[in-house]
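Some notes on the structure that comes next.
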Amino acid sequence: MSHDHSLNPETMPQDPSKATMEGKHKFLGLWIFLGGETVLFACLFGTYLALKNSTAGGPSTQDLFGLELVFLMTILLLTSSLTSVYAIYHMKNNDFKKMQLWFGITALLGISFLACEIYEFAHYIHEYGFTFRSSAFGSAFYALVGFHGGHVVFGLSWLISIMVRNAKRGLSLYNAPKYNTFGLYWHFIDVVWVFIFTVVYLMGMVS
Amino acid sequence: MSIATTQKRGFGAVLWDYLTTVDHKKVGILYLIGGGFFFLLGGLEALIIRIQLIKPENDFISAGLYNEMITMHGTTMIFFAATPILFGLMNYIMPLQIGARDVAFPFLNSLGFWLFFSGGILLNLSWFTGAPDAGWTNYAPLSLQSPGHGIDYYVMGLQLSGAGTLMSGINFLVTIVTMRAPGMTYMRMPLFSWTTFVTSILTLFAFPALTVGLFLMMFDRMFGTAFFDVALGGNTVIWQHLFWIFGHPEVYILILPAFGIFSEIIPTFARKRLFGYTAMVFATFLIAFLGFMVWAHHMFTVGLGPVANSIFAVATMAIAVPTGIKIFNWLLTLWGGSITINSAMLWTLAFIPSFTIGGMTGVMLGSSVADYQYHDTYFVVAHFHYVIVGGVVFAILAAMHYWWPKMFGRILHEGMGKLAFWTFFIGFHLTFFIQHFLGLMGMPRRYWVFLENQGLDTGNLISTIGAFFMTFGVIVFLINVVYTAVKGEKAPADPWDARTLEWTISSPPAHYNFKQLPLVRGLDPLWIEKTEGNGKMTPAEPLDEIHMPNGSILPLIMTFGFFVASLGFIYQSDHKTWLLVVYVGMAIALGSMLIRSLKDDHGHHITKEELEREDD
Amino acid sequence: MTDNTNTSKINSFQKEKNKDEMRKQIVTFALMIFFTMIAFFAVMMGVSSTFVIPLILVLALVQVGFQFYYFMHMKDKGHEVPASLMYGGIFVAFLVILTFVAITWW
Amino acid sequence: MKGWMGKSKALLLFTMLALFLAGCGKENLTALEPKGYGAEVSMDLIVFPLMIMIGVFIVVMLIYVIALVRFRKKKGQEDFIPKQVEGNHKLETIWTVIPIILVLFIAVPTVFATFDLADDSQASEHINVEVTGNQYWWHFNYAGEEIVTSQDLYIPTGERVYLNMQSSDVIHSFWIPSIAGKMDVNPENVNTMYIEANEEGVYWGKCAELCGPSHSLMDFKVVVVSPEEYDQWVSDMQSVDPESVPEDAVAQEGQELFEANSCVACHAIGSSPAATGPNLTNFGDRSTVAGILEPTKENLVDWIMDPESIKPGNKMTGAYPSISEEEANSIAEYLMQLKPSEITPESAGN
Ligand code: HEA
Ligand code: HEA
Ligand SMILES: [Cu+2]
């Protein structure tokens, strides 16, 4: 068949994710989107920085944050970035099973990160009564960190749906770009987190 | 031929075709229809504003309704008329100009359109329950205090359409980067394609700021957060920054495509290559770059302090330089040419002085200390209508006359074109020139009434009369459209003896645009072939089957889901059962996304035989 | 299709190249973890804020540089467009944050 | 057509200049005839750039008109193909460099003036007034003087008056076109500006930031008097006895009604800085009722009876039990006789 995109040793290109026009489009499109997301997060960071001292008598950064959990979350997310790189590495070697495996690990790490975040928020709400309505600081904190969390949720759903969808199909020129684009997105989530743990948590603990 | 078959199909089939289309040309036409509709609506609102201000202390409409009227006029015109009409033109023309069969993301393209359209509909639904009334700039805390759901409609409507616009921007960028025809290097791209590219970059970086601003506004209004709530430590100036970080680039999102349009029309009708092409491209980038560094010129009176005011004042004035480069390059393109003046060219020629006046008042506004007087007066209203109407609206009308034959296969009637032009042009200057003085004479903007004995009566009367002239012009144009559709002269492929690729294919083009991709040998490829070759493009590839995407109803369904969810969000603050509507809406939207990602869609192929058969 | 046979038949030069790159990425990762630890450690030790804030910000920037250039391949050929748009985004982001830090409050 | 267009532009320019030189608008409202320091500084930066713009515009139009006249497609030369010029470095340099220079001409004085008008280092040596913007009226509290007024701001000629402005609700903007440019009045911070008037008179002030339905009705007045008269006014205002009982019987009844209907809950008489409603200490001297109406008793009665019909969305509507016309009349009588000073807008030359 002339339109069969599935791979065999003879048709295997150097980088299956960029062998088709569609693949290239997706990849470039996501990159460009990330350029826009940079501004989006900058606006949230800006808002947070402007409002972080407006606690309206409620708890402040130093009252709330504990670094142990944040450190754990950071390691989880950074590691998930590495595992996704591993997965892409296997994709380039056309090793579908290993790719799925490493992406699976990535998903697990992402889920654990999310679990920590949910625990953290619940802790603030129950222990300190600190919600997004408490003060301008509260609003800005939950908006920024929550928006990032939302990205993680979206990334996970994306990953899981392509993994499930393609579980039985093997690697092809049609689905390789999807994995690759996802990988890019996931790294970006990591980038944002690096700034969050630095600007929100670490700088919040220094005063 | 394919047009003939289109005409023979029933109304239902045509409708279904448009609802499911992913063809960039049809999406473009949808944008034009949608944007045109909202332009009429916005114009009607403008007319009501002007009638209210025809005499002092008039009570044609009430104070509350007046504020709703200006808010809806500004919002509708900027977000739902000017921007989408320009995006429609980009959609239709840009792929043809760069020699592409399609855009990079056809599905996303149609989703972008539907999101824009549903946003506009959502916003206008608010007329039934109370429209937003805090100005198109929607400053907090006035917008937080506004009773009813008007502002909520504003927030959700703009959020929907903003998402659509962002998608289109990304789509255009990828299309231009990856899909140029063989030989179409960046520096051979027509200026309209260049401005599409730069406009898309602006969209990409500007709209996220609006998205965030609207999110914060939505949460403050609907879920009780405190971003702008001073009592809990919030800060209303944050909204102003976010709005203008978006808002100023937005005005360049409007004007740059307009510049692109004029840069196509002037060379065509002067029969002369665009003077200083490289400088034009460079100036476009410079305007975009500077456009991100001036937003606080809308906030000179906020009290940001002299340092910030000075920096932003100087940066603002700097934009005069690249814009001046453009103006002079157009003039020098005319110089030494062989100029034909028809309707398209009339709008173009009228643009140059009109926009120059608007730009120059812009530079005057940029002088922060003078702006302490100008700010929030009719002087500003005059400035921005001079640049927007004299720049953007003139450009849209010029483009309509210029590209109408390409898009619809018929040429607009010249006589009516000229009549519409002259009445609109005269009306425009009548309406807005006098407003400079009204402003300086002490008339602030957004005034429901002006009092007697303040020396403002005559000016306002003249201004209103002008608005009626403009209305007449618009109506003549509408009649022209109908007349042309019924009786218009059929258009050949290249009615204007033009220079760029879109004129190498039939009017209107086949749905795959180019049977064989053309080989581009330089700037103004068609012109080159006309003067050096046989007048036809050399194909860059043998005739072969063409891969095209499949149509899909999913974008519409997805949009419908978001639309329903937005309504739910708006009303859930009244009663929590509305959350159900949110869930249903989101389920529809996410469900169709899921279908989209699970169902493989490889598109379809047009076989070689079919293509050969279509060969006349 | 059976993966194992496929893998073995892939151009061995290409495979070597992939492996090489993977090795670099692991080094990158190790460095990132290392930087993270320094940042957390500095804050927990209560180093003076005039010193620690610039330090952690620089560490964050370097880490993000690694992510972009190695993990996201921005250093590779064919990434000119993404790179320039990313720089554009970063430029706007910089202006935005500068504003909110410097002039939102009086 | 081309000729027509050129001429119409020239005509427009000419009318513009004519209007400009003649000065236009109401003299105590227009920004074009400055009567104070801020307005003068702004005016300089309006006129000078305008001159540059007119110059640039003439150049643009010259090239434009000549090009259109000379290079129209000629009859009999339909196939003429002009020379395809790519560009011209010399020209392009010229029209890049000259605008840069022109812009610098505007930018430099702008920066100086910006710093000049933002200078509040001498605030403590001058009169300071706390200005509060409210939907839809203005409150003035003379710092350290125990004087409070609303709607009418009294200032002496030739002296800087520092205004420290904050809003109690939404953003407003304080603007007296003939005396100084505007400054926003924000809810979250105090903005300071100074005004300095040269000529005695009563000047119109306006709210310039959309603040609700009656935004266009949020006018106020600045009463500029000589320094001696100002001192007189200050001492008059300071010696007001808020408890004093009017002589006229109707007015006495009005005073009782004023208290019984809880008008006093919002409206202070005397120097109380409370600002729920406008301070009425010198109501009889006011230049307007409600900021916009002629200062007559009939207008005041109308206002008290139904403020909503006069200023839609105002905060007084519904704040008190409904009142009969007769009662309103008595209250009006009481308020109109609150005339603590000889120095009034009328004496300042309304
Ligand atoms: C298409 C839309 C558009 C365009 C292109 C522009 C272009 C410009 N605008 Fe305008 N502007 C608006 C739309 C636009 N604006 C809107 C909608 C508002 C109000 C929003 C609201 O509050 O509701 C606004 C408000 C606005 C303000 C705020 C006023 C206030 O609220 O107080 C300022 C202040 O600096 C300003 C400046 C400028 C400048 C310097 C340019 C420059 O880009 C102009 C450059 C062009 C020229 C200068 C002419 C050609 C040049 C030459 C011939 C060369 C030689 C010239 C010189 C040496 C001077 N604009
Ligand atoms: C693209 C932008 C755009 C365009 C094209 C226009 C076009 C016009 N605008 Fe304006 N305007 C704005 C953007 C725009 N405007 C913005 C952003 C504001 C600020 C809002 C705010 O303060 O928040 C504003 C504010 C504004 C004001 C100030 C209101 C105030 O401050 O109180 C005025 C007053 O004269 C005005 C007038 C006009 C007029 C007469 C036109 C004319 O050019 C319109 C011409 C068109 C028509 C006259 C259409 C005629 C057609 C019909 C009547 C047919 C109708 C038929 C059907 C519906 C089937 N506009
Ligand atoms: Cu602007």
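Small disclaimer: the values here were computed from a predicted structure and weren't measured. To find a chain, count down the sequence lines: A is the first, B the second, and so on, and within it residues start at 1.
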- Heavy-atom distance under 4.5 Å to chain A: side chain of B/Phe223, backbone, both or neither? both
- Determine, using ring centers only, whether A/Phe182 and A/Phe103 are less than 6.0 Å apart. yes
- Are side-chain heavy atoms of A/Lys52 and A/Leu49 found at a separation under 4.5 Å? yes
- Item | Contact class of B/Leu204 relative to chain A, heavy atoms under 4.5 angstrom | both
- Residues from residues 131-152 of chain A approaching chain B under 4.5 Å (heavy atoms): A/Phe132, A/Arg133, A/Ser134, A/Ser135, A/Ala136, A/Ser139, A/Ala140, A/Ala143, A/Phe147
- Message: Quick check: B/Phe116 with B/Phe113 (ring centres under 6.0 Å apart)?
- Response: yes
- Task: Tell me, out of B/His547, B/Met179, B/Met167, who's got the most heavy-atom pairs with chain A below 4.5 Å.
- Result: B/Met179
- Note on the structure: Closest non-hydrogen atoms of B/Asn550 and B/Val22, given as atom of the first, atom of the second and distance, are O-CG2, 3.4 Å
- Query: With side chains defined as the heavy atoms from C-beta onward, is the minimum distance between B/Lys608 and B/Ile546 less than 4.5 Å?
  - Reply: no
- Query: Is the distance between the ring centroids of B/Phe172 and B/Phe197 under 6.0 Å?
  - Reply: no
- Task: Answer yes if the side chains of A/Thr106 and A/Ser80 hold a donor-acceptor pair under 3.5 Å, and no otherwise.
- Result: no
- Query: Where do B/Tyr186 and B/Val177 land on the side-chain contact (heavy atoms from CB on, under 4.5 Å) test, with the steps shown first?
  - Reply: CA-CA 9 Å; B/Tyr186 279 113; B/Val177 173; 3.8 Å; yes
- Does any non-hydrogen side-chain atom of B/Trp239 lie less than 4.5 Å from one of B/Thr236? no
- Item | Top of B/Phe219, B/Phe207, B/Phe215, B/Phe228 for chain A proximity - count of heavy-atom pairs under 4.5 angstrom | B/Phe215
- Which residues in residues 31-43 of chain A have any heavy atom lying under 4.5 Å from a heavy atom of chain B? A/Ile32, A/Phe33, A/Gly35, A/Gly36, A/Val39, A/Leu40, A/Cys43
- Side-chain heavy-atom pair A/Met99, A/Phe96 within 4.5 angstrom cut-off: yes
- Message: I'd like to know whether A/Trp193 forms a ring-ring contact (aromatic ring centres under 6.0 Å, His included) with A/Phe113, so could you lay out the CA-CA distance, the side-chain angles of the two residues, the decisive distance to 0.1 Å, and finally the verdict.
- Response: CA-CA 11 Å; A/Trp193 180 256; A/Phe113 171 87; 4.9 Å; yes
- Message: With a 4.5 angstrom heavy-atom cut-off, is it the side chain or the backbone of B/Phe105 that approaches chain A, or both, or neither?
- Response: side chain
- Query: What part of B/Ile201 is in contact with chain A, defined as an atom under 4.5 angstrom from a non-hydrogen atom: side chain, backbone, both or neither?
  - Reply: neither
- Could you tell me which portion of B/Thr178 (side chain, backbone, both or neither) has an atom closer than 4.5 angstrom to a non-hydrogen atom of chain A? both
- Message: For the aromatic rings, using the six-membered ring if either is Trp, is the centroid distance between B/Phe246 and B/Trp295 under 6.0 Å?
- Response: no
- Message: Is there a side-chain contact between B/Pro95 and B/Arg101 in this structure, where contact means two heavy atoms from C-beta onward sitting under 4.5 Å apart?
- Response: no
